[in-house]
Participant: 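Handing you a structure now.
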Amino acid sequence: MDGKELKGLREHAGLTQQQLSQKTGVSRSLISQWENGVISVSAATKKRIADFFGVDAMSTPKENTAEDMQRPPRIVTSEAARQELDALTRQYMELNRNLEQVLGRLAEADLSALRESASALMQAVDTETVFRQVKSFQQHKTASSREELASALTRLLGEA
């Protein structure tokens with residue numbers, strides 16, 4: 001892996017040199033010098049970076065063909081990242097199964113109780129609205145406040 005390939009991998013991953021340094025333990029200045037062709041690095045450092053990106057440390061960069069330029073970039077993931085993604089996928093599927101089971105157990109009586117609670121809550125909100133309209137009417141005895149009060153009362157009584 002040369003500096004040009006490293007820079008391409010880093011930029012494709014959306015990382016700054018500092019972020020790559022923090023994630024791999026390779027100093028930012030070494031990464032910068034490597035990318036700019038100032039120095040060549042040890043095989044161990046190449047391996048550490050290659051392992052992070054999930055690529056072969058000994059790969060040699062190839063020239064991109066016109067066909068390569070039209071293809072979407074290949075996302076390279078390390079084995080550890082693939083294993084973590086698989087574990088997260090299994091956890092998601094298990095949680096989804098559990099949720100479906102819980103929802104399946106929700107009895108009609110529970111749904112009725114929820115509907116009644118929602119209805120009571122809506123009536124309480126309407127009652128509060130009427131109280132506010134009464135207070136507004138008492139403070140500003142206008143035609144519009146009278147109409148708003150009448151409308152709120154109609155809604156409340158229509159729901160009861």
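Predicted model only: the values in this text are computed from it and were never measured.
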Participant: How long is the gap from CG on Asp2 to CH2 on Trp34, to the nearest 0.5 Å?
Facilitator: 9.0 Å
Participant: Quick one: CG on Asn36 to CD1 on Ile31, what's the gap to the nearest 0.5 Å?
Facilitator: 12.0 Å
Participant: Find the distance between CD (Glu5) and CZ (Phe53) and round it off to the nearest 0.5 Å.
Facilitator: 10.0 Å
Participant: Rounded at 0.5 Å granularity, tell me how far CD in Gln18 sits from OG in Ser27.
Facilitator: 9.5 Å
Participant: Judged by atom type as modelled, is there a donor-acceptor pair below 3.5 Å linking the side chain of Thr24 to the main-chain atoms of Leu20?
Facilitator: yes
Participant: Supply the atom-to-atom distance Ile49 CD1 to Leu6 CG, rounded to the nearest 0.5 angstrom.
Facilitator: 6.0 Å
Participant: About how many Å separate OG1 of Thr127 and CE of Met122, when rounded to the nearest 0.5 Å?
Facilitator: 11.0 Å
Participant: Donor-acceptor check, side chain of Ser21 to backbone of Gln17, threshold 3.5 angstrom: yes or no?
Facilitator: no
Participant: Okay, side chain of Gln19, backbone of Thr16: is any donor-acceptor separation there less than 3.5 Å?
Facilitator: yes
Participant: Is there a side-chain contact between Gln91 and Leu88 in this structure, where contact means two heavy atoms from C-beta onward sitting under 4.5 Å apart?
Facilitator: yes
Participant: Is there a side-chain contact between Ser32 and Arg28 (heavy atoms, below 4.5 Å)?
Facilitator: yes
Participant: Just wondering, do Phe52 and Val26 contact through their side chains at under 4.5 Å, heavy atoms?
Facilitator: no
Participant: Under a 3.5 Å threshold, yes or no: a donor from one side chain and an acceptor from the other, between Thr45 and Ser42?
Facilitator: yes
Participant: Compare every heavy atom of Lys7 with every heavy atom of Glu35, then report the nearest pair and how far apart it is.
Facilitator: OE2-CA, 3.5 Å
Participant: Using only atom types and a distance under 3.5 Å, with no angle test, would you say the side chain of Thr89 pairs donor to acceptor with the backbone of Leu85?
Facilitator: yes
Participant: Looking at Asp51 and Lys47, does any basic side-chain N land under 4.0 Å from a carboxylate oxygen?
Facilitator: yes
Participant: Does CD belonging to Glu84 count more than 12 external heavy atoms closer than 6.0 Å?
Facilitator: no
